[in-house]
Protein chains: 2
Amino acid sequence: MVGKGYPGGMSTSPTPTPAADWLRLDQQICFSLHAASRAFGGLYRVVLKDLGLTYPQYLVMLVLWEHGDLPVKKLGEHLRLDSGTLSPLLKRLEAAGLVRRERSTRDERSVEVRLTEEGSALRERALEVPRRIVTATSFDVDEIRALRARLDDLTTALDEAAVQAAREDS
Amino acid sequence: MVGKGYPGGMSTSPTPTPAADWLRLDQQICFSLHAASRAFGGLYRVVLKDLGLTYPQYLVMLVLWEHGDLPVKKLGEHLRLDSGTLSPLLKRLEAAGLVRRERSTRDERSVEVRLTEEGSALRERALEVPRRIVTATSFDVDEIRALRARLDDLTTALDEAAVQAAREDS
DNA sequence: CACAATTCAATTGCGCACAACTAAATGGTG
DNA sequence: CACCATTTAGTTGTGCGCAATTGAATTGTG
C-alpha cells in the first residue's frame, strides 16, 4: 500500500510525511485519548451521581473493595496517584462516611485506609455501574479487552519515554 | 471458545459473569484510559517544557496554527472545551505573549483569539513535538490510526450514552 | 548509639475540567 | 418599537493531577 506512513491515511503520495502534517489536530492520538477520557468522565459523572461519588473516588473505592484495607501508599501504587491527590480525596471520602483513616501502630508514618460499614455496603449499589458503562461503550467484551491491552502497552511505553526524556533533559 | 464473555479472559467456566467480577479494577477499561491519558500528560509535560506550554495550551495552539484566528466559541468546539476552561487558559497564553484577545466589532459578544508574531513563530519549534510523541508510543502509524479510530468511536458512543442517561435521570 | 538517608503522608501552589451563574449583546416576535 | 429568548464570555466554586516542600518516623551505616 502506497503512502502507508502518511498520517492522513488517504494519500497515495510516495513522498515522506511533511512535519507540518503531523501537527494536524485530528491526527493527534493524544487528542482522541484526551477526548475519550473526558467522555468517560462525563458518563461516570451521571452514573455515579446516585452513589455520591466522583470518578476518581469511585476508583479508590474499587481498589478498597477488591483488596481490603490498605495504606495510602499501596492505594497510590494501584492507582498511580500520589499523596498530593489522595490526601484531600480521602478526606472527602472520610467526610462522606465511607472510609476511616488511622495511623498504623506498626509504622507511624503510614496511614491505613479502612472501609466503614457504609463504605462496604456501597459496593452492592455499585455492582450495576460497570455493566452500565460497558453497555454505553457499544463495544463487546473482547473489543474492550483488546482496547485495554493496547492502552496498557501505550501507558508502559509512554512512562518509559517520559523518564528517558527527562533524563536527557538534564 | 468457552468463557468468551468472561472479563478476565482466562476462565474456562461456562457460567455467566458474576457482577462482582466486573468490578475488578484491572478489567476496567476506564482505568486504562485514565492511566494512558495521564501518561501522555506526563510525557507532554517533559517535551513541552522547552516551549513553555502545558498540554492543553499546546492543543489550543495546534488549533490556531491549523485554522488561524478564531473566536473563543469556535476554539471550544474544536477542543470540546467551554469558556470556563478556555477563558483563564487564554489569559495565560496572552500573558505569555502568544495570542491577543480582541472583541469582535461585528459581534461584540464574541472575542477573537489571534496569534501574535511570537505565537506564529512558535510553530516552527513545535514541529518536532509530534514526532517525538509518536516515537515514544512505540506504535507505528497504522496502529496509531487504528487506536485513534477506536477511541473516537468510544467517545461518540459515550457522549450519546451520557446524554441518554442524563435524560433518564430526570 | 549517633547521624545521615530514606520513607510516608500532608500541605501548598498552579493549572485544567466542568457545573452553575452573571452580564452584555444580539435576534426574533408581537 | 418593546420585550423576551438566545448567544457568547467571563466568573465562581469544587475537585482532580502533579511538582515541590515540609515534618515526622524509620532504616541503614559507621
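In what follows, chains carry the letters A, B, and so on, assigned in the order in which the sequence lines appear, proteins first and then strands, with residues in each chain numbered from 1. Because the structure is predicted, anything quoted here is derived from the model rather than measured.
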Novice: Can you identify which nucleotide, out of C/dA25, D/dG10, D/dG17, has its nearest atom closest to the B/H34 side chain?
Specialist: D/dG17
Novice: In whole angstroms, how far is the P atom of C/dT6 from the NZ atom of A/K73?
Specialist: 14 Å
Novice: What is the distance, rounded to the nearest whole Å, between atom CG of B/L79 and atom P of C/dC18?
Specialist: 11 Å
Novice: From CG of B/L53 over to P of C/dG15, roughly how many Å is that when rounded to an integer?
Specialist: 13 Å
Novice: Treating Ile, Leu, Val, Met, Phe, Trp and Tyr as nodes and any side-chain heavy-atom pair under 4.5 angstrom as an edge, say whether B/Y44 and A/V163 lie in one connected cluster.
Specialist: no
Novice: B/T54 or B/R106: which one's nearest nucleotide on DNA chain C is closer to the 5' end?
Specialist: B/T54
Novice: Specify the residue among A/Q57 and A/D82 whose closest nucleotide of DNA chain D lies further upstream toward the 5′ end.
Specialist: A/Q57
Novice: If you measure from CG on B/L62 to CG on B/L79, what distance do you get to the nearest 0.5 Å?
Specialist: 8.5 Å
Novice: Take the protein atom CD of B/E77 and the nucleotide atom C1' of D/dT7, then report the distance between them rounded to whole Å.
Specialist: 12 Å
Novice: Closer to the 5' end of DNA chain C via nearest nucleotide, is it A/L90 or B/S83?
Specialist: A/L90
Novice: Does C/dA25 have OP1 or OP2 sitting under 4.0 Å from an N or O in the side chain of B/S110?
Specialist: no
Novice: CD of B/E102 to CG of B/D69: how many Å apart, nearest 0.5 Å?
Specialist: 8.5 Å
Novice: Which one, C/dA10, C/dA19, D/dA25, comes nearest to the side chain of A/R45?
Specialist: C/dA19
Novice: Give a yes/no on whether any side-chain N or O of A/R80 is located under 4.0 angstrom from OP1 or OP2 of D/dC18.
Specialist: no
Novice: Roughly how many Å is it from CD in A/E108 to P in D/dA25, rounded to a whole number?
Specialist: 6 Å
Novice: Pick base, sugar-phosphate or nothing for A/L86, based on heavy-atom distances below 4.0 Å to the nucleic acid.
Specialist: nothing
Novice: Please determine, for the side chain of B/K91, which listed nucleotide (D/dC18, D/dA9, D/dT11) has the closest atom?
Specialist: D/dT11
Novice: Test salt bridge (charged side-chain N to carboxylate O under 4.0 Å, His left out) on B/D159 and B/R80 and set out the steps.
Specialist: CA-CA 11 Å; B/D159 279 346; B/R80 298 164 153 270; 2.7 Å; yes
Novice: Give the rounded distance in Å between these two atoms: CD of A/E112 and P of D/dA25.
Specialist: 17 Å
Novice: If you check every side-chain atom of B/R109, which of D/dC18, D/dT8, C/dA9 has the closest atom?
Specialist: D/dT8
Novice: From B/H34 NE2 over to B/I29 CD1, what is the distance, rounded to the nearest 0.5 angstrom?
Specialist: 13.5 Å
Novice: Just to be sure I understand the rule, does B/P88 reach a base, reach only the sugar-phosphate, or reach nothing, if contact means heavy atoms closer than 4.0 Å?
Specialist: nothing
Novice: Mark yes when over 12 heavy atoms from residues, nucleotides or ligands other than B/E77 sit less than 6.0 Å from its CD; otherwise mark no.
Specialist: yes
Novice: Would you mind classifying the nucleic acid contact of B/K74 as base, sugar-phosphate or nothing, using non-hydrogen atoms under 4.0 angstrom?
Specialist: nothing
Novice: Please report the distance, rounded to the nearest Å, between NZ in B/K49 and C1' in D/dA20.
Specialist: 13 Å
Novice: B/T85 near the nucleic acid: base, sugar-phosphate alone, or nothing, with a heavy-atom cut-off under 4.0 Å?
Specialist: base
Novice: Identify whether any heavy atom of B/L89 sits under 4.0 Å from a base atom; if not, whether one sits that close to sugar-phosphate; answer base, sugar-phosphate or nothing.
Specialist: sugar-phosphate
Novice: Quick check for you: among C/dC18, C/dA25, D/dA9, whose closest atom lies nearest to any side-chain atom of B/L81?
Specialist: C/dC18
Novice: Rounded off to whole Å, could you give me the CG-to-P distance for the A/L70 and C/dC8 pair?
Specialist: 14 Å
Novice: Return the nearest nucleotide to the side chain of A/V72; candidates are C/dT6, C/dA10, C/dA25.
Specialist: C/dA10
